[in-house]
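Heads up, the thing below is written out as C-alpha cells.
Proteins come first, then strands; the chains are lettered A, B, ... in the order of their sequence lines, and each starts at number 1. Worth saying up front: this structure is predicted, and the values here are computed from it rather than measured.
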Protein chains: 6
Amino acid sequence: MKVCRRETFNAAHRLFKEGWSDEKNEEVFGKCSNPNYHGHNYVLETWVEGPIDPETGYVIDLKKLKELVRGEVTDRFDHANLNLDCPEFKNINPTCENIALVIWNILRVKLDEKYKLTVRLWETENNVSEYSGE
Amino acid sequence: MKVCRRETFNAAHRLFKEGWSDEKNEEVFGKCSNPNYHGHNYVLETWVEGPIDPETGYVIDLKKLKELVRGEVTDRFDHANLNLDCPEFKNINPTCENIALVIWNILRVKLDEKYKLTVRLWETENNVSEYSGE
Amino acid sequence: MKVCRRETFNAAHRLFKEGWSDEKNEEVFGKCSNPNYHGHNYVLETWVEGPIDPETGYVIDLKKLKELVRGEVTDRFDHANLNLDCPEFKNINPTCENIALVIWNILRVKLDEKYKLTVRLWETENNVSEYSGE
Amino acid sequence: MKVCRRETFNAAHRLFKEGWSDEKNEEVFGKCSNPNYHGHNYVLETWVEGPIDPETGYVIDLKKLKELVRGEVTDRFDHANLNLDCPEFKNINPTCENIALVIWNILRVKLDEKYKLTVRLWETENNVSEYSGE
Amino acid sequence: MKVCRRETFNAAHRLFKEGWSDEKNEEVFGKCSNPNYHGHNYVLETWVEGPIDPETGYVIDLKKLKELVRGEVTDRFDHANLNLDCPEFKNINPTCENIALVIWNILRVKLDEKYKLTVRLWETENNVSEYSGE
Amino acid sequence: MKVCRRETFNAAHRLFKEGWSDEKNEEVFGKCSNPNYHGHNYVLETWVEGPIDPETGYVIDLKKLKELVRGEVTDRFDHANLNLDCPEFKNINPTCENIALVIWNILRVKLDEKYKLTVRLWETENNVSEYSGE
C-alpha cells in the first residue's frame with residue numbers, strides 16, 4: 001500500500017555548472033542559465049510504501065508526513081533561491097532531477113526503514129522528475 | 001499495457017477505532033475523528049493491466065470498466081456515509097488506505113484473473129493512496 | 001484591480017428543509033438528502049476588488065486575506081458537519097448557493113468597505129456558485 | 001531517476017475494424033465508431049528513465065526530449081485525423097492503447113538504448129493508457 | 001447569485017468558410033482547416049444567474065440544469081462531427097466563439113426568462129470563449 | 001463575446017520597496033522579500049471582448065493573440081528575473097497586481113481599440129489578480 005502527500009514550494013534557481021564559462025553554461029542550459037535566476041512553483045509528491053497499521057488503518061499518518069515534508073523540505077526551500085540559500089545545492093546543479101534526489105536523501109534518513117520512499121517533483125506543468133533510490 | 005478509468009464519488013466519513021475512547025480517537029485521528037462526520041470528493045483511478053486484444057485494440061473496454069466501477073463501487077459510495085451506509089466499513093476504519101483496499105477487493109473478484117489491478121484513490125488534492133494487491 | 005485567494009475545506013452536509021417530510025425532502029433533493037450525510041472538498045475563491053496601494057503594490061495583502069478567510073471561515077468549516085457543527089446553517093439549507101451567501105456575509109463585515117467582495121465556491125469539479133452581494 | 005515531458009495534440013479519430021460491418025463496429029465500439037469521426041485533446045506524458053549525467057545533472061535534456069516528441073509525434077498528430085492522415089493507423093485501430101503503443105514504438109528507436117521509456121496517454125480526463133514495452 | 005454546471009463533450013470539427021478556396025481557408029484557418037477534421041475535448045460551463053429560491057436554497061436545481069445541458073447539447077454534440085452531424089453548423093463555421101453562441105441560443109429558449117445565462121467553452125486548456133447574450 | 005488565450009512564463013522576483021529598510025521590507029512583504037529572490041510559474045489569461053467577425057467566426061484569431069502575448073510579454077518575462085531583467089519593474093514592485101497591470105498596459109496599446117481587454121494572472125494555484133483597465 002502506498003500513500004502520498006502533495007506539498008508545494010516556490011523558489012528561484014539557475015542551472016549552472018561551476019568551472020564552465022558563461023557561454024558553455026548558456027549553450028548547455030539555455031535560458032535556464034540566466035545569471036539573474038528565474039523560478040518555479042514546484043509541486044512535490046512524497047510517496048511512502050509500507051503495510052497498513054491494523055490499529056489505525058494508516059500506512060503512515062499523513063499529518064505527520066506533511067509535517068515532516070514541511071519541516072525538512074518545503075519550509076526551507078519555499079521562497080528561497082536554491083543556488084544561494086540552500087547549502088544542499090552548493091555543489092549540485094539544481095536541475096529537476098537533482099532537486100528530487102536531494103529531497104529524497106533528506107527524507108530517507110528521517111523515515112523509518114520499513115518504508116519505501118518515492119519523490120516526484122513537478123517543476124512546471126510539463127516537466128517532472130521521479131526518484132525511488134535506485 | 002495499462003489502462004485507467006477515473007470516476008468520482010462524494011461521501012462522508014469519520015476516522016474512528018471502536019474500543020478506543022473519544023479522547024484516544026481524537027488524539028490519534030485529530031479533527032478527522034469529528035463525531036458528526038466530514039466529507040470528501042473522492043477521485044478513484046482504476047488501473048487495469050493486460051495484453052491488447054488484437055481484435056478490438058482494447059486491453060478492456062473502458063465503457064465496461066466504467067460500468068463495473070460505477071455499479072460495484074461509486075454508485076453505492078456516492079452521497080453515502082461510509083461508516084453508516086456501507087457495510088464494508090462496519091469493522092474497518094475508512095482511512096484513505098482502507099477505502100482503496102476495500103475497493104480493490106470488490107473489483108478484484110469481478111475482473112478476469114488475467115488482469116493486474118491497481119486502485120488509486122485521491123481523498124483530497126493533497127492526500128492519495130494506491131493499492132495493487134500486496 | 002481584483003485579487004483572489006483560493007482556500008479549501010472538507011465538510012459533510014445534507015440538503016434538508018425542516019417542516020418537509022423525509023419523502024418530500026428526498027423528492028426535491030434526491031440523494032443529497034441522505035439522512036446520514038455525505039461530503040465534499042469545497043474550494044473557496046475569495047475575490048477582492050479595489051485600488052492598488054501605491055506604497056505596497058497590493059490591493060490587499062494576500063497573506064492577510066488568507067488569514068482572514070482561514071480564521072473566519074475555513075478553519076471553522078473544515079472537517080465539520082455543516083448542518084450540525086456550524087450555527088450559520090441551523091435554519092438555512094447548506095446548498096452550494098447558501099454556503100456562498102453565508103461566507104460572503106461573514107467576510108463582508110470583516111473587510112474594509114472600500115473593497116468589493118465576490119465569493120466563488122466549488123462544491124465539486126462540476127458544480128459551482130458565485131455571489132457578489134445582490 | 002525518471003523524467004517526464006508532457007505535450008498535447010488535438011486529433012480526430014474513429015474506432016473501426018476493417019472487415020466488420022458497420023453494425024458490428026457500432027455494437028463493439030458504440031458512438032466511438034461514428035463514421036464522421038469525433039476528437040480529443042490528447043495529453044501525452046513521455047517518461048524516460050536512466051542515470052543522472054554528473055556533468056549536467058540531467059537524465060536527458062528535457063528541451064531535447066520536447067523537440068523529439070514534437071518532431072516525431074505531436075507535430076504530425078496535432079490537428080490530424082489519425083485514421084486518414086497518419087499512416088501508422090492504416091491497419092491499426094486508433095484506440096487509446098494502440099496510440100500509446102504506436103508512439104512508444106516511434107520514440108523507442110529514436111532514444112538511446114540506455115533509457116527505459118514509458119508513454120502515458122490521456123484521451124480524456126477520465127480515460128488513460130500507459131505502455132512501457134512489456 | 002450565480003451557479004454553474006460543468007459538462008464535457010468530445011467532437012471533431014474543421015474551420016472552413018464555404019465559398020472560399022481551400023488555399024484561402026488554409027491561409028486564414030491554418031491547420032484548423034484540415035479537410036479530414038481534427039478534434040477536441042470541449043469543456044462547457046453553463047452559468048445561470050438569478051435569485052435563490054427560499055424554499056429550496058437553489059437558484060436552479062443543478063441536477064435539472066445538468067439534464068437540460070446534456071439533453072439539449074452535450075448528448076447531441078458528444079462523439080459527433082460538428083460540421084457534418086450537427087445541423088446548427090451547416091452554415092456557421094464551428095469556431096470556439098460560434099459553438100458558444102450556438103449553445104447559448106439553444107439553452108436560452110429552454111431556460112426561464114428570469115435567469116441570466118452565460119456560456120463558457122474551453123476548446124483546449126489554452127483557448128476559451130464566453131458568451132452572455134449581446 | 002469574449003475569448004481567452006492562456007500562456008505561461010516562469011520568472012524570479014522579489015517584493016521590495018526602494019527607500020524602505022530591509023527590516024521594513026521584510027515586515028511588510030515577509031519571505032516574499034528574500035533578497036536572493038524566489039520564483040513562480042505564472043499563468044497568464046488574456047481575455048479579449050468584441051464582436052464576432054462574420055467572415056471568420058472569430059472575435060480575434062487566437063493564433064495571432066498567442067503570437068502577440070508571446071512576442072510582447074511571455075517571451076521576454078519567461079526565465080527572467082522580473083526585478084533585474086525587465087525594465088518595466090525598475091520602479092514598480094512586481095506584485096501579482098502590478099505584473100497584471102504592466103501586462104495590461106503592454107497589450108492594450110497593441111490591440112485594436114474596438115476590443116475590451118482583461119488580464120488575469122495566476123501567481124500560484126492559490127493567488128490570482130485580474131485587471132480590466134479601471
Surrounding [atom1] of [X] (heavy atoms of other residues, nucleotides or ligands, distance under 6.0 Å), is the total greater than 12?
X	atom1	value
A/K110	NZ	no
B/E45	CD	yes
A/E26	CD	no

Examine whether an atom of B/F29 lies under 4.5 Å from a heavy atom of chain A, and if so say whether it belongs to the side chain, the backbone or both; otherwise answer neither.
-> both
Engaged part of B/W104 at the chain A interface, taking heavy atoms whose separation is under 4.5 Å | neither
Residue selection (most heavy-atom pairs with chain A, distance under 4.5 Å) from B/N98, B/I92, B/V28 = B/N98
Which residue out of B/N126, B/T95, B/N127 racks up the most heavy-atom pairs below 4.5 Å with chain A?
-> B/N126
So do the side chains of B/K17 and A/T56 get within less than 4.5 Å of each other, counting heavy atoms only?
-> no
Does any non-hydrogen side-chain atom of B/L15 lie less than 4.5 Å from one of A/Y58?
-> yes
To the nearest 0.5 Å, what is the distance between [atom1] ([X]) and [atom2] ([Y])?
X	Y	atom1	atom2	result
B/S129	A/E49	OG	CD	12.5 Å
B/E97	A/D53	CD	CG	9.5 Å
A/C4	B/E123	SG	CD	12.5 Å
A/K63	B/C32	NZ	SG	5.0 Å

Would you confirm whether B/E130, through its side chain, and A/K2, through its main-chain N or O, come within 3.5 Å as a donor-acceptor pair?
-> no
Identify which part of [X] has an atom lying under 4.5 Å from any heavy atom of chain B, answering side chain, backbone, both or neither.
X	result
A/K66	neither
A/I60	backbone
A/E55	both

